[in-house]
2 protein chains.
Amino acid sequence: MRPTVHDIAAKAGVSLATVDRVLNNRPGVRSITRDKVERAIATLGYVRDVAAANLAKGRNYPFVFILPAGDNSFMRGLEGEVSDAMARSASERTQITILPVPAFDAQALVQALSEAHQRRPAGVAVVAVDAPEVAEAVKQLRGDGIAVVTLVSDLPGSGRDHFAGVDNIAAGRTAGTLMGRFTGGRGGPIAVLAGSMLVRDHRDRLEGFSAVMAEEFPARPLLPVIEGQDDPVLVEKLVHALIEREPDLAGIYSLGAGNRGLVAALEKTGKSTTICTIAHELTPHSRAALRSGTIDAVLNQDAGHEVRSAIRVLKAKADGLAVIEAQERIRIDIFLKDNLPLEQA
Amino acid sequence: MRPTVHDIAAKAGVSLATVDRVLNNRPGVRSITRDKVERAIATLGYVRDVAAANLAKGRNYPFVFILPAGDNSFMRGLEGEVSDAMARSASERTQITILPVPAFDAQALVQALSEAHQRRPAGVAVVAVDAPEVAEAVKQLRGDGIAVVTLVSDLPGSGRDHFAGVDNIAAGRTAGTLMGRFTGGRGGPIAVLAGSMLVRDHRDRLEGFSAVMAEEFPARPLLPVIEGQDDPVLVEKLVHALIEREPDLAGIYSLGAGNRGLVAALEKTGKSTTICTIAHELTPHSRAALRSGTIDAVLNQDAGHEVRSAIRVLKAKADGLAVIEAQERIRIDIFLKDNLPLEQA
DNA sequence: ACATTTTTGATTTACGTACATCAAAAATTC
DNA sequence: GAATTTTTGATGTACGTAAATCAAAAATGT
């Protein structure tokens, strides 16, 4: 059996109360006694039973998740994962509140952060918009001892405790290597379709993609970036025009969300198989397009992993514990039609 | 606050003892009373505090992990993950024992399963060897109410409760698509390097790879399979001979373990950049080769995920609970040099 | 209506830890 | 060496559930 506080008390020749004082570093223990107890802890290999401790403490973790509203499939999937986490709240002693905000709206986000602040949670997870006033709001939360984790989109310089998301430069580089190699057998330029260059993750992906294309495939021309605002209608129009303008187009890298317009344009022009298409985020739409061959590869960040990681980190930070950064790193998944995971319920 | 057993008792107008009888379906409760209690549970939305229950029960889960011995990097990594899980035993209430067996030795595995049986654990996880006597040994464990999960390599027809590993046919297909597309710009045949066709996962990978090559890239010739027994020296000799014999070789798919010989042969012949190489399992060796460009892509199964999933499933089965199969599905990771996760300590 | 069986209630102890209180002992100060 | 402060011990309660015991009540059979 694993040792308990009683065993430590017996081993160290002190009372239970003293062991408790040492374990929870309460005052009023001589350093000699403290040493005795700590030696007993070490030799017996005692580790506190966290479950029992939490039960006794009645500890719970009120968290607020601030997520963009709208019909972005990825974000809705993310929200679904947070809901799943809420369903697990009972056993994880968390109390999660979701606060929706308009997408890409720094001012609304600042207000949401302030509302979250008023609730006095132990931690806040937020899909950040890259703006100085948002960073300022995050700083205020941190100043009040509230842990803050950025989710999916980071906010460097805000003093956030952690970023639960992928390395988007690496994601862009991965897309670049795949694009270069998949289109190796033919000529023609590559187009890049973004949502908006005002969003940090899109900028990072472009940076990585461009770098690899320049380094490894210098012969292949890169067309100027097209910004589709993640709007299906606008994207379809732009991609349609692009395909007509560039009959020899070899590939399209879509680094933003809203792939519906892209897929529609490709399928309507009958170019879906000849143009190599690489997109981001596995959603019902991109999954279908991958299966049909319209999209050739999808890079994905696992929203479930991100949410669970964010919660783990928030808990640790709320308790003042260290986080093993390497363990919380979110991987970039590559999906081809052959390794698609089964659709979940 | 979430409701407790006391709240149910009050709501249902019965005593605590009766609530306990219903919750743990002990005998001696009229169906009318049982209904009252169950309605109270439903309306209050009571969920048992698993931590408190486990504390009260003093529940723990003795498990045995049977792993192949030898210097296979992947298997050593797997063992490391099991060790990590042992370190977490305290908080997870598990007691894990590792039983090493000689690799690919059905007889030794049967003996190990029998030894595991004698320990009367709540569950056993085993890297299976595909042989009828092994299946028989697994059946005996199951017959005694011991949960069995196959790890990495499955054993269909043994009645095992679950398989914690990847779909190797899909993995082979994924490799096929990558190979076909990566070598799209040039001619030449493709070679397949296996460990042994006696092992199930190798057979499955070959099946998937061959199928995709035949379906999608029928023009590309496939050379007869080379079996290197996962032995670095033999593999290097065979690959060296292969490269000399086939000067126009476009790609090599290495679907087994022991990539050291492969990498050595490629680098010594100076063909490392011209031959597209796809291998399995991310180990220090394959990672280095990926980084240097000798290997172009690595398909990986996350050993940590597999071990943690196996433990979750064993726990659930030991408690007679259902498993959400979709949630325990292990993904096939694709790594290029651009999306390599950082090396862990 | 009585005996018998079944069902229910009341109460207690336990799991391992947290936390509070009060008294006792030891160390410190003057 | 007495007064004071600091340190330690003893003890109890709590968290939410499990599990046991024994008595009381209700249902059942005859």
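Side chains are part of it too, since the values below use all heavy atoms of this structure and drop only hydrogens, waters and symmetry mates. Residue numbers start from 1 in every chain, and the chains themselves are labelled A, B, ... in the order their sequence lines are given, proteins ahead of strands.
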Within the structure shown, what part of the strands sits under 4.0 Å from [X] by heavy-atom distance: base, sugar-phosphate, or nothing?
X       : answer
B/Asn54 : nothing
A/Val14 : sugar-phosphate
A/Arg21 : base
B/Asp49 : sugar-phosphate
A/Ala17 : base
B/Gly28 : base

Among [options], find the nucleotide with the atom closest to the side chain of [X].
X       : options                : result
B/Ala56 : D/dG9, C/dC15, C/dG9   : C/dC15
A/Leu55 : D/dT17, C/dG16, D/dA19 : C/dG16
A/Leu23 : D/dA10, C/dA18, D/dT17 : C/dA18
A/Tyr46 : D/dT17, C/dT17, D/dA10 : C/dT17
A/Ala52 : C/dT17, C/dT7, C/dC19  : C/dT17

In whole angstrom, give the distance that lies between atom [atom1] of [X] and atom [atom2] of [N].
X       : N      : atom1 : atom2 : result
A/Asp20 : D/dT13 : CG    : C1'   : 13 Å
A/Arg2  : C/dT17 : CZ    : C1'   : 11 Å
A/Arg26 : D/dT7  : CZ    : C1'   : 15 Å
B/Arg59 : C/dC15 : CZ    : P     : 18 Å
A/Asn60 : D/dG16 : CG    : P     : 11 Å
B/Arg34 : D/dA27 : CZ    : P     : 17 Å
B/Ile8  : D/dA18 : CD1   : P     : 10 Å
B/Asn25 : C/dT7  : CG    : P     : 15 Å

Intermediate values then yes/no, salt bridge (Lys or Arg N to Asp or Glu O under 4.0 Å), A/Arg331 and A/Asp302: CA-CA 8 Å; A/Arg331 291 202 180 151; A/Asp302 190 307; over 6 Å; no

Side-chain touch B/Val149/B/Arg160, heavy atoms, less than 4.5 angstrom: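 Counting from C-beta outward, B/Val149 and B/Arg160 never come under 4.5 Å.
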
Minimum side-chain heavy-atom gap A/Phe65-A/Val124 below 4.5 Å: no

DNA chain D: 5'-proximal contact among A/Ile32 and B/Arg48 (nearest heavy atom): A/Ile32

Most 5' of A/Gly58 and B/Lys57 on DNA chain D, judged by nearest nucleotide: A/Gly58

Closest-nucleotide ordering on DNA chain C, the 5'-leading residue of A/Val5 and B/Pro27: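 Closest to the 5' end, via its nearest nucleotide, is B/Pro27.
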
Donor + acceptor pair across side chains of A/Arg48, A/Asn24 (<3.5 Å): yes

Donor-acceptor contact below 3.5 Å, side chain A/Thr18 vs main chain A/Val14: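 The answer is no, because no donor-acceptor pair under 3.5 Å joins these two groups.
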
Side-chain (A/Thr150) to main-chain (A/His162) donor-acceptor, under 3.5 angstrom: yes

N or O in side chain of A/Thr18 less than 4.0 angstrom from D/dG9 OP1/OP2: yes

Short side-chain N/O contact from A/Arg30 to OP1 or OP2 of C/dA27, under 4.0 Å: yes

